[in-house]
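Counting begins at 1 with the first residue of the sequence.
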Amino acid sequence: MASTNRFDAIVIGSGVSGGFAAKELTEKGLRVLMLDRGIMVEHGEGYAYDGKPAYEVPARNQMPPGLMESDYFIAKHGYVSPSNRAFYNDDRLNPYAFDEGSKFYWIRPAAVGGKSLIWGRWSFRWSPADFEANKRDGVDGDWPIRYDDLAPWYSYVEKYIGVSGSRENLPYLPDSEFQPPMPMNVAEKWLKQRLETQFPGRKLIHTRLSNMTEDKPEQNRTKCQFRNQCANGCSFGAYFSTQAVTLPAARATGRLTLRSDAVVTNLEYDAAKKRVTGVRFIDAKTGQAEVVNAGLVFLCASAMGSNQILLNSRPAGSGRSHFDASGTLGKYVMDHIFRVSIDGDIPGMEEFIEYGRRPGGVYIPRFRNIGGDEGVGFKRGYGYQGSARRDPASPVGFGASMKQGMRKYSGWKFGMGAFGECLPYEDNHVSLHPDKVDRFGVPLMRFDVRFRENELRMMADARTQGEAMLRAAGLMNVSSTEDEHVPGDAIHEMGGARMGADPRSSVLNKWSQAHDASNLFVTDGAQMASVSCVNPSLTFMALTARAADHAVKQLRSG
């Protein structure tokens with residue numbers, strides 16, 4: 001087992017957080033080693049099906065049932081397709097204890113770039129109320145920071161990555177540094193006017209996306225081409241990804257070393273000095289174990305991946321992590337609850353057809369429990385993500401009749417889904433399996449995470465209110481569905497190593513810095529003390545940039 005010490009910092013993981021950590025640390029003068037367990041995917045050349053239509057993709061881009069049964073069981077619930085399968089984890093090669101504990105869909109990437117290659121790109125700031133919610137509601141785990149601590153870092157990240165959207169001046173959904181929004185189509189404009197008239201105080205706004213509407217030539221990035229094939233990788237760099245944005249910036253400094261296929265198993269630790277002394281990883285191609293040393297470690301392996309590494313970093317013969325003096329490591333795990341959908345038909349306007357495939361839609365921000373308890377029977381709130389569309393009519397027959405049928409369209413439809421906030425519960429936790437290990441000798445992850453009555457009441461309200469809004473706005477044939485709610489399904493899992501002011505009840509301090517190791521920073525979703533009801537990736541990036549700035553200042557001050 002080799003040991004090296006050629007770096008100032010090690011970044012574990014290369015997703016939105018790891019990529020930003022590598023960029024910030026190298027640009028501040030540090031020699032950085034980035035480790036990622038996934039295969040190498042280079043920007044552009046690594047996107048095998050970028051721009052390809054379905055008929056040029058194996059199985060017409062439909063996952064074969066046999067392959068789902070053998071290797072990609074998570075694909076039964078969506079997300080994975082033949083065109084982007086290389087970006088996703090093989091559940092047979094890299095399993096978790098799915099059949100033990102409670103049901104949890106752990107949807108994992110398997111490529112450098114992590115979830116930045118496959119994310120939905122919805123980019124929202126959290127509001128001041130989000131950072132105050134735990135304290136206000138008497139829920140365990142007050143945030144040690146507030147919105148004003150993060151606001152300048154939101155601006156810093158937004159200007160750099162490119163976020164399109166509209167300024168709305170909503171106190172519960174702060175505006176960002178925006179590029180122009182992607183236009184609403186004619187049906188969405190119609191719905192916006194009618195919904196906001198019928199429900200004063202509720203808004204229907206443009207999607208806020210990290211898909212750019214203006215070029216960034218200084219980053220060699222081109223604005224969105226309206227192909228809506230983002231999940232296959234974008235050679236234009238039109239949306240934020242590690243490959244397109246932060247990795248080129250870090251490489252340009254000449255101070256980055258990247259190791260793909262590097263499976264980090266644990267962090268080595270000096271208990272007397274309360275410092276991480278090394279990172280142990282296994283080369284997935286050769287099976288060779290190595291230990292690499294650096295004065296600073298940024299753990300950004302995804303929320304549950306980071307929890308697994310932290311939990312497995314423990315003294316020989318002990319079941320307790322070096323980083324769990326508080327007893328809270330692995331606890332307070334959360335995800336968004338979101339399997340409520342509402343649809344309806346929009347009357348008229350059939351002379352209009354939308355051209356292009358816009359990667360986004362519209363958003364109805366949270367309106368429940370704004371400014372106090374409204375007596376709705378649950379804490380926190382939800383928002384809706386949706387869009388209006390016209391689908392091609394279903395062609396029948398063959399030859400000329402089929403061609404004529406393909407030139408026609410059905411009427412306008414509108415559909416939306418609710419995203420709700422999950423409260424942090426102490427007994428929503430993850431742990432290492434006592435007996436089962438993976439092919440690298442790392443104990444499998446076990447999940448004991450459930451949605452509770454508060455979240456289920458919230459989704460019942462979202463379904464009722466969604467139907468009421470669409471009917472009042474004049475839609476026809478309004479209907480709704482509510483599927484099984486399974487944590488992990490939203491791919492917004494958070495918590496397990498939350499930040500807090502008190503080392504007795506949290507893992508990290510207000511700088512995302514471990515209470516039990518001054519040179520360890522955890523800046524992915526593991527650090528979150530609550531989840532808001534909006535997508536979290538922009539907040540991860542802002543927290544990472546803030547933590548990197550603080551870490552380098554600490555290093556320079558000795």
Side-chain angles (χ1 to χ4, degrees), residues 9-22 25 32-41 87-89 94 96 106-119 242 246-247 258-269 276 278-284 290 292 294 296-314 321-323 329-330 333 430-432 438 440-445 447 488 491-499 507-508 512-514 517 519-528 536-537 540-541 543-544 547-548:
I10 301 169
V11 176
I12 303 168
S14 61
V16 296
S17 300
F20 237 98
L25 296 173
V32 173
L33 172 66
M34 174 185 277
L35 300 172
D36 193 277
R37 68 179 294 140
I39 61 172
M40 188 61 218
V41 173
F87 301 158
Y88 281 87
N89 177 68
N94 305 296
Y96 65 101
W106 192 11
I107 301 166
R108 293 173 284 174
V112 169
K115 291 179 184 174
S116 79
L117 283 175
I118 60 177
W119 67 311
T242 297
T246 49
L247 183 55
L258 171 60
R259 289 281 301 268
S260 60
D261 299 287
V263 180
V264 173
T265 60
N266 61 282
L267 309 178
E268 300 198 340
Y269 183 70
V276 173
V279 175
R280 183 182 185 273
F281 69 94
I282 296 174
D283 187 308
E290 299 180 43
V292 64
L296 178 65
V297 175
F298 266 66
L299 180 54
C300 311
S302 83
M304 299 300 100
S306 291
N307 271 278
Q308 187 175 28
I309 292 168
L310 291 171
L311 288 165
N312 199 42
S313 301
R314 48 192 174 171
S321 168
H322 295 297
F323 310 106
L329 180 63
V333 171
V430 295
S431 57
L432 300 181
D438 64 17
F440 305 109
V442 178
L444 299 187
M445 282 279 276
F447 293 85
I491 329 184
H492 295 165
E493 62 270 22
M494 289 174 260
R498 67 179 183 178
M499 63 164 65
V507 178
L508 310 173
S512 312
Q513 183 178 23
N519 63 336
L520 172 63
F521 291 77
V522 184
T523 67
D524 55 23
Q527 68 185 313
M528 309 300 278
S537 296
F540 297 166
M541 288 186 269
L543 287 167
T544 299

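Residues Met499 and Ser512 have side chains in contact (heavy-atom distance under 4.5 Å, counting atoms from C-beta outward). Counting heavy atoms from C-beta on, the side chains of Pro536 and Met494 come closer than 4.5 Å. Side-chain contact check for Thr265 versus Ile309: every heavy-atom pair is 4.5 Å or farther apart. Annotation: side chain of Val263 is not in contact with side chain of Phe281 (no heavy-atom distance under 4.5 Å). No side-chain heavy atom of His322 sits under 4.5 Å from any side-chain heavy atom of Val276. In this structure, the side chains of Val41 and Phe87 come closer than 4.5 Å at one or more pairs of heavy atoms. Looking at Val16 and Thr242, their side chains never come closer than 4.5 Å, going by heavy atoms from C-beta outward. Side-chain contact between Leu296 and Ile10 is absent, with no heavy atoms from C-beta onward closer than 4.5 Å.
Residues Arg314 and Ser321 bring no donor and acceptor atom of their side chains to less than 3.5 Å of each other. Side chain to side chain, Ser306 and Asp524 meet the donor-acceptor criterion of an N or O pair below 3.5 Å. Looking only at atom types and distance, the side chain of Asn94 has a donor-acceptor partner in the side chain of Asn89 under 3.5 Å away.
The NZ atom of Lys115 lies 12.0 Å from the OG atom of Ser14; values are rounded to the nearest 0.5 Å. Atom OH of residue Tyr88 and atom CG of residue Leu117 lie 9.5 Å apart, to the nearest 0.5 angstrom. Between the CZ atom of Arg37 and the CG atom of Asp261 there is a distance of 10.5 Å, given to the nearest 0.5 Å. If you take CG on Leu299 and OG on Ser313, they are separated by 8.0 Å, rounding to the nearest 0.5 Å. In this structure, CG on Leu33 lies 8.0 Å from CG on Leu258, to the nearest 0.5 angstrom. Atom CD of Gln527 is separated from atom CD of Gln513 by 12.0 Å, given to the nearest 0.5 angstrom.
Across all non-hydrogen atoms, the minimal contact from Ser431 to Leu311 is CA-CD1, 4.2 Å. Between Arg498 and Met528, the shortest heavy-atom distance links the atoms CB-O, 3.7 Å. In terms of heavy-atom proximity, Ser260 sits nearest to Val112 at CB-CG2, 3.7 Å. Ala303 approaches Gly525 most closely through the heavy-atom pair CB-C, 3.6 Å. Of all heavy-atom pairs between Pro109 and Ile118, the closest is CB-CD1, 4.3 Å. Closest non-hydrogen pair, Leu432 versus Pro443, comes out as CB-CB, 3.8 Å.
Ring centers of Tyr96 and Phe447: under 6.0 Å apart, within the cut-off.
Partner Phe521 forms a ring-ring contact (aromatic ring centres under 6.0 Å, His included) with one of Phe20, Phe323, Phe298 and no other, that one being Phe298. The residue from Val430, Asn312, Val522 that alone fulfils the side-chain contact (heavy atoms from CB on, under 4.5 Å) condition with Asn307 is Val430.
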Legend entry - Ile12 vs Leu267, side chain to side chain contact (heavy atoms under 4.5 Å, CB included): CA-CA, chis, key distance, verdict: CA-CA 11 Å; Ile12 303 168; Leu267 309 178; 3.8 Å; yes
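Listed by chain and number, the residues in a side chain to side chain contact (heavy atoms under 4.5 Å, CB included) with Ala514 are Leu508, Ala517, Leu520 (sequence neighbours excluded).
Taking 4.0 Å as the cut-off between side-chain N and carboxylate O, Glu290 and Arg259 count as a salt-bridged pair.
Looking only at distances, a side-chain donor or acceptor of Thr544 sits under 3.5 Å from a matching main-chain atom of Thr523.
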